[in-house]
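Comments concern the structure below.
Only this structure's heavy atoms are used, side chains among them; waters, hydrogens and symmetry mates stay out. Chain A is the first sequence line, chain B the second, and so forth, proteins listed ahead of strands; every chain is numbered from 1.
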Amino acid sequence: MNEPLELKKTVNLPKTDFAQKANLGQSEPARLKKWTDAKLYEQIREVRNGAEKFILHDGPPYANSDIHLGTALNKILKDFVVKSRTMMGFDSPYVPGYDCHGLPIETYVEKKLKEKGKNKNDLPVSTFRRLCREHAEHAMDGQTRDFSRLGILGEWENPYLTMSNDYEAETARLFGKFLERGYVYKGLRPVYWCIHDQTALAEAEVEYKEHTSPSVYVKFPLKSDAGLIDEKLKNKRVFVVIWTTTPWTLPANLGITVHPDFYYSAVEANGEVYIVASELAKSFAETCGLGEAKELVRFKGKQLDKLEAKHAWLDRVSLLMNGDHVTLGEADAEVELDVRFENKAANKSGTGCVHTAPGHGHDDFVIGKLYGLEIYCPVDNAGRFTAEVEHFAGENIFKANPQIVEFLRESGALLYTESYNHRYPHCWRCKNPVIFRATPQWFISMDDEAQNGEKISLRANALQEVERVNWHPNWGEGRMRNMLKSRPDWCVSRQRSWGVPIPVFYCSACDEAVADAEIVNHVADIFQAETADAWYNREAKDLLPENFKCPKCGGADFTKETDILDVWFDSGSSCIAVLETRPNLQFPAEVYLEGGDQFRGWFNSSLMCGLAAHDNAPYKQVVTYGWVVDGEGKQMHKSGGNAISPNEVVKKSGAEIIRLWASAMDITEDVRCSDEILSRITDAYRKFRNTLRYALGNLDDFNPESDKAALQEMLEIDRWVLAELDGVTEKVVRGYENYDFQMAYQTLYNFVTVTLSARYFDIIKDRLYIFAPKSVERRSAQTALYEITDKLCRLLAPILAFTADEAFENLPNQTLESVHLAEFPKVSGTDDSKLLTDWERIFSIRDEVLKSLEEARNAKGIGSSLEAKVILTVDKETTRFLIAYYEDLRYIFIVSQTEVHEGDALNVEIQKANGAKCERCWNYSVLVGESEKYPTACERCVNALMEIEKI
RNA sequence: CGCAAUGUAGCUCAAUGGCAGAGCAAUCGCUUGAUAAGCGGCAGACGACAAGGUUCGAUUCCUUCCAUUGCGACCA
C-alpha cells in the first residue's frame, strides 16, 4: 500500500496562462503585431476566397485632424459588421478611405502660412496644393495609426484616398458622366463676394463687424386687384411696405416675401393703405410718422401669395411670395446675413414684408428659385451697377446708397429712413464690407430629365431608389425621402484651390463653355497620370486634345475653369472610384454605415453619383447611428471639457473598452459616453475576462480529441448549459445580422454573469475540483466548458477582437491561428425546451434556498453554505418533479446535505450539516473518519483518492 | 423657427393596454481552492413632466407641453 496523498494537492484547481489582469495597454499592441506578422487580414481573404461577397463601403473620414470618439465609434461599428459577416461565412473585404480635399484643410494651411508671414495668394496654386496634400497625408497617417490600434482589420496599407491620381481621374470622369446625361448646367447663385479683392469668399473667410447702413421703409404699389384680398380694399391705393438696410439691392428687387401664417394688416393713413405685419403695424406707423393709422382689415400672409406689386420706381413686377424664413423684427436679407445678430426680439424695425432680390441673398435665392424668378444681379465684379440699371449705371453700390435714398424720397416711394447700426460681414483679408452677389456656378439639376438613358430626373429616380434600400433603423427612409424632396439643385462649384478642378474650358473668342464628356475624359486621363495638379501645371491647350477647336466659333484659344468640385462630389464618387476599380469590391455595396448627419452628406452625394453612373443606388442597406454625447446627453466639445478622447481611453484602458462600449450602447439614438459609463464597461470587461479565465483554467488537462464525453453520458446540468448556449448563439448571431450589436452584447453579458458565473460555474466547481481528473463527472463538465469557451470566443470575437482571440488561442488543441478565421457556431437545432423549463424551475427553487441560507447566515447559524443542511418542504407535484434530482440537489444548492419532504407549500429550513467537515472537499459528512488511510476525508473524496492513486 | 429621433432605477438596457424586469454600481454579509476574483441578501424607478383625450383601466395609443440631440432654415 502506497503512502496517503497530500489531500490539498489532489484537488484539481484551475491552471491557465490566460492572465487575470488583461494589461490591455501592452497586450493589444503585441497582438496587433502578431496579426500583422501573420498577415491575418490576407489570411482571412484567402480563407473566404470564393465565398459570397458582403461589401461594407467605408465613408471616408475627413483627413485633417486626430480621431475623436465619433470617428472611433464609426470605425468600430464598421468593424463589427465586417468581422461578424466574415464569421457568418461571407467574403467581406474592408477598404478604408480618406476624404482629402476641401476647405478645412485649405484654411488650416492658410493659417499656417499666415503664421509664417506668408500669404496663399503669393504662392503658385501648385505649391499651395502640395502643402494641402502634405497636411492631408500627415493627418491620414495619424488616423491610420489610431484606427488600426482599435483592432480594426482592413487594407490599411492600401486605403483609398480622394486625392490619389486614380481617384481624381475617376472623379473627373464621373463629372463627365453627369454632363453626358444632361444633368449639369451653369447657373447663378449668390455667394459672399468681396468687391475690393474681386473674389468669392467662403463662410470661414468672412468676419462680422459693426457697420452703419441706411435703413429705409419703401412702399411698393399693389398691382393686383386689392379686392382679391378683401372687398374693403377695393379701389383704394394699396401699397406693400418693405424695409431694408441695403438700398442698393433695390434695383435687383423682383419680389416681396411674406410669411404664410403671420397676420398682416392693411392700415390707412394719409389717404393711402399700407400692408405690413399686424404685429408691427403700430411701431411701423410710429416710425414713419403716420399718426393715427386705421386698420381696415387683417388677413393671413397666405392670401398675398402670387399677387403682384409694382417695383417702387421701375416699371417691373415685384411678385408677392410666401416664405417661412420671414421673421418679425428685422426682415431684410442683408441683416439675415448676420448670424450673430441676436437681439431680434428687441428690434422693432421691419414690416414683415421682405424685400427679395434673388441675386443678393440666400433666402431670396432659394425662394426666387421656387417661384421661378430670375437670379438677377446687376452688379459687376467690382461692385458697380451694370449698364442696365437705370439712373445708377456704373456707380459703386455703397456710394449709390444715399443716392438711391434720395431718389426714393423724390419719387415719393420712401416712407422713412434712418441710420442703422448692425453687425455686417466683412472680408477678413481686406477688411472691407462684403456683399452677397450671384455669380456663375455649376449645378447638377435635380429636376431636369436626363437627355439620354432613362427619361427621369435625379430627384424622381432617387426617390424611387430610396424605397428599394433597406434602412436601419427604418425611419431612415422617411428622413432620406424628406431630404430628397426638398433639396435644391446641387451646386458643385467651389471657388477654391484644393480639390478636383471642374474640367471645363472657355473659348477665348466667343466665351462658349466647353463642357463635354469626351473632353472631360481626355483630361481625366491626364489626371490619372499626373494627378489633378496637371490642371494647374499645364496650359489649357495642353489639357485639351490636340488641335481642338471651339465647336461654336472654331476658335483655338481657351481658358480653364477656375472652380473646383464640391468635396461631397469627391466622396460621393467613391461608389464608382473605389467599388468599381478594386477587383475585390463591387457596385453596389451591400451596406453603408454612417452617423445620422450623413443623410444630407454622403448618403445623398453617393446616391446621386450612383444614379448618374448606373441609375442605381450604390447601397442595398444603410445603417445609421446616433451622435456621441456626454453622460448628460449634451454635445461633446473640446472646449467644454466633456470630450473624451479615444486615444486616451486606449492608452488608459485599452481599445477593448471602447469596442465593448460601442457594442453596449443603443446606437440608434444619441450614444452617451462618460467616465462612469466607461468604468461600468470596464467592470463588464473584467467579468467577461474572468469567466473565460475560469473556463480555460479548468480545461488545462482536457483534450477535446480524446476526453470529450458523449452527449448521452453527460450530466443533465451540463446538457442544460449547452442548451442555454444554443439559445444565446441564436440570439447573438441574429443581433449581428440585424446590426443590433447591443442585442449581442446584452445577450452575451447576461449569459456570462447569470447563466455561467452565478449559476453553472459556481455549481460545477465542486465537481471539477473534487472528482477524479478523468472521471465521467468531471469530463462531462469539461466537455460543456470546452463547448462554451469555444463558442463564446467566436461569438465575442467581432466585439472583443483582442480578448476573444487571446482566449481562443488558449483553448486546448487549438489549430486555427486566430478566432477571426473561424465561423460563428451553428445552432444544434434540437428541441431543448423541456430541459430549459425544468431547470428554470430548479433555479427558482434554488433562489428560495439561497434566500434562506442568507437568513441563517445573518442569524449566525452558518458561514459557508457547505456548513448547512437544507430541509425542503414542497407540494406533491414538486416532490415528484424533484425525485429525479434528489442526489444532485446538494450540489445545486452548494450545501452538504438536502432533504425533501412533501407538504402543503414551499418551505425551506436550514440546519447545521451533519457530521464533520471533509478536509478535501469541505463538504460535511457523517462518514468522515471512516477511512483509515484518509481519516479526514469524506466517502466521496476517498473514492476519488482511490482513483487518483491508480494514476 | 421647421423636420426627425429620443426621454423607464445612480449607470446600461428589457417588457407590457391591467401588479415595470435584468445586470452593473451602492449597501450589508459569506467565502478565501476563479482571489486586485467568486457567491448571496437587501434596497432602489408609482414610471421625463404637465394638461387633455380614447379605454372598465395606460408607462405603454392620440394631442399639446418640456428637455436633449441631429439635420435644415441665417452658423459650421
From CD1 of I910(A) across to P of C30(B) the rounded distance in Å is 17 Å
Closest to the side chain of M665(A), out of C11(B), A34(B), C13(B), is C13(B)
What N/O pairs connect the protein and nucleotides 38-42 of chain B at under 3.5 Å? Give each pair on its own line.
residue, atom, partner, partner atom, Å
G38(B), OP1, K687(A), NZ, 3.1
G38(B), O3', S757(A), OG, 3.2
C39(B), OP1, S757(A), O, 3.2
C39(B), OP1, S757(A), OG, 2.5
C39(B), OP1, A758(A), N, 3.2
C39(B), OP2, K687(A), NZ, 3.3
G40(B), O2', E854(A), OE1, 3.2
G40(B), N2, E854(A), OE2, 3.0

Could you tell me how far apart L660(A) (CG) and C13(B) (P) are, to the nearest whole angstrom? 12 Å
Whole-Å P distance, C28(B) and C42(B): 16 Å
Side-chain N,O (Y769(A)) to OP1/OP2 (A34(B)) below 4.0 Å: yes
Within this structure, what is the CG-to-P distance between N750(A) and G21(B), rounded to whole angstrom? 16 Å
Salt bridge flag under 4.0 Å for residues D701(A) and R778(A): yes
E669(A) CD - A5(B) C1' separation (whole Å): 8 Å
Excluding sequence neighbours, so at least two apart, what forms ring-ring contact (aromatic ring centres under 6.0 Å, His included) with Y371(A)? none
Can you tell me which nucleotide in A4(B), C71(B), A36(B) comes closest to the side chain of Q20(A)? A36(B)
When you compare A20(B) with A45(B), how far apart are their C1' atoms, in angstrom units rounded to a whole number? 9 Å
Would you call K851(A) and E854(A) a salt bridge, taking side-chain N to carboxylate O under 4.0 Å as the test? no
From CZ of R479(A) across to P of G72(B) the rounded distance in Å is 9 Å
Contacts of F603(A) that satisfy ring-ring contact (aromatic ring centres under 6.0 Å, His included) - sequence neighbours left out: F599(A)
Which of residues 595-604 of chain A sit near RNA chain B, with a heavy atom under 4.0 Å from it? D597(A), R600(A)
Between atom CD in Q742(A) and atom P in C13(B), what is the gap in whole Å? 5 Å
Need one value for I770(A): base, sugar-phosphate or nothing, where a base atom within 4.0 Å counts as base even if backbone is also close, heavy atoms only. base
Give the C-alpha distance, both sets of side-chain angles, the deciding distance and a yes or no for ring-ring contact (aromatic ring centres under 6.0 Å, His included) between W602(A) and Y592(A). CA-CA 9 Å; W602(A) 196 53; Y592(A) 276 34; 4.1 Å; yes
Residues of residues 692-700 of chain A with any non-hydrogen atom less than 4.0 angstrom from an atom of RNA chain B: list those, numerically ordered, please. R693(A), Y694(A)
Between atom CG in D740(A) and atom C1' in U12(B), what is the gap in whole Å? 14 Å
Tell me which pairs pass salt bridge (Lys or Arg N to Asp or Glu O under 4.0 Å) where either residue lies in residues 10-20 of chain A, with sequence neighbours left out. K15(A)-D700(A)
State whether W627(A) places a side-chain N or O below 4.0 Å from either non-bridging phosphate oxygen (OP1 or OP2) of U69(B). no
Sticking with atom P, work out how far G52(B) lies from A15(B), rounded to a whole angstrom. 30 Å
Pair E110(A) + R496(A), salt bridge at N-O below 4.0 Å: yes
Which whole number of Å gives the distance between the P atom of C24(B) and that of G40(B)? 8 Å
So, S653(A) versus T682(A): side-chain donor-acceptor pair below 3.5 Å or not? no
Can you find a side-chain donor-acceptor pair between T71(A) and Y62(A) that sits under 3.5 Å? no
Applying ring-ring contact (aromatic ring centres under 6.0 Å, His included), name anything that partners F893(A), two or more places apart in sequence or on another chain. none
Can you list every pair that meets salt bridge (Lys or Arg N to Asp or Glu O under 4.0 Å) and has a residue in residues 657-670 of chain A, with sequence neighbours left out? D79(A)-R659(A)
Determine the interatomic distance between C1' on G17(B) and the same-named atom on C61(B); round to the nearest Å. 8 Å
Output the rounded distance in Å from CZ (R680(A)) to C1' (A22(B)). 16 Å
Show, in sequence, the C-alpha distance, side-chain angles and deciding distance for H472(A) and Y739(A), and conclude whether the ring-ring contact (aromatic ring centres under 6.0 Å, His included) test is met. CA-CA 8 Å; H472(A) 308 267; Y739(A) 310 101; 5.0 Å; yes
Which pairs of donor and acceptor atoms, one on a side chain in residues 755-764 of chain A, lie under 3.5 Å apart (sequence neighbours left out)?
residue, atom, partner, partner atom, Å
S757(A), OG, K687(A), NZ, 3.0
Y760(A), OH, D718(A), OD1, 2.5

What distance, rounded to whole Å, do you find between the two P atoms, one in G7(B) and one in U63(B)? 16 Å
When you compare U12(B) with G44(B), how far apart are their C1' atoms, in angstrom units rounded to a whole number? 16 Å
List the steps, then state whether salt bridge (charged side-chain N to carboxylate O under 4.0 Å, His left out) holds for R680(A) with D675(A). CA-CA 9 Å; R680(A) 289 296 107 77; D675(A) 288 341; over 6 Å; no
Which part of the nucleic acid, if any, lies within contact of F761(A), taking any heavy atom under 4.0 Å across all strands shown: a base, the sugar-phosphate backbone alone, or nothing? base
List in chain and number order the residues that pass ring-ring contact (aromatic ring centres under 6.0 Å, His included) with W498(A), two or more places apart in sequence or in another chain; answer none if no residue qualifies. H101(A)
Below 4.0 angstrom, N of the basic side chain to O of the carboxylate: do E806(A) and R689(A) qualify? yes
For the pair Y736(A) and F80(A), evaluate ring-ring contact (aromatic ring centres under 6.0 Å, His included) and give the outcome as yes or no after the intermediate values. CA-CA 8 Å; Y736(A) 283 125; F80(A) 290 169; 7.5 Å; no
Sugar-phosphate, base or nothing in reach of R920(A), heavy atoms under 4.0 Å: base
Separation of the P atoms in A50(B) and U8(B), to the nearest angstrom: 15 Å
By nearest-nucleotide position on RNA chain B, the 5'-leaning member of C921(A) and D666(A) is D666(A)
Tell me if the NZ atom of K912(A) is crowded by more than 12 foreign heavy atoms within 6.0 Å. yes
Look at all strands and tell whether M483(A) reaches a base, only sugar-phosphate, or nothing, counting heavy atoms closer than 4.0 Å. nothing
Close N or O pairs between protein and nucleotides 65-68 of chain B (under 3.5 Å):
residue, atom, partner, partner atom, Å
U68(B), O2', G633(A), O, 2.6

Secondary structure of RNA chain B in dot-bracket form (Watson-Crick or G-U wobble, distances below 3.5 Å, | marking inter-strand pairs): (((((((..((((....[..))))..((((.......))))........((((..]....)))).)))))))....
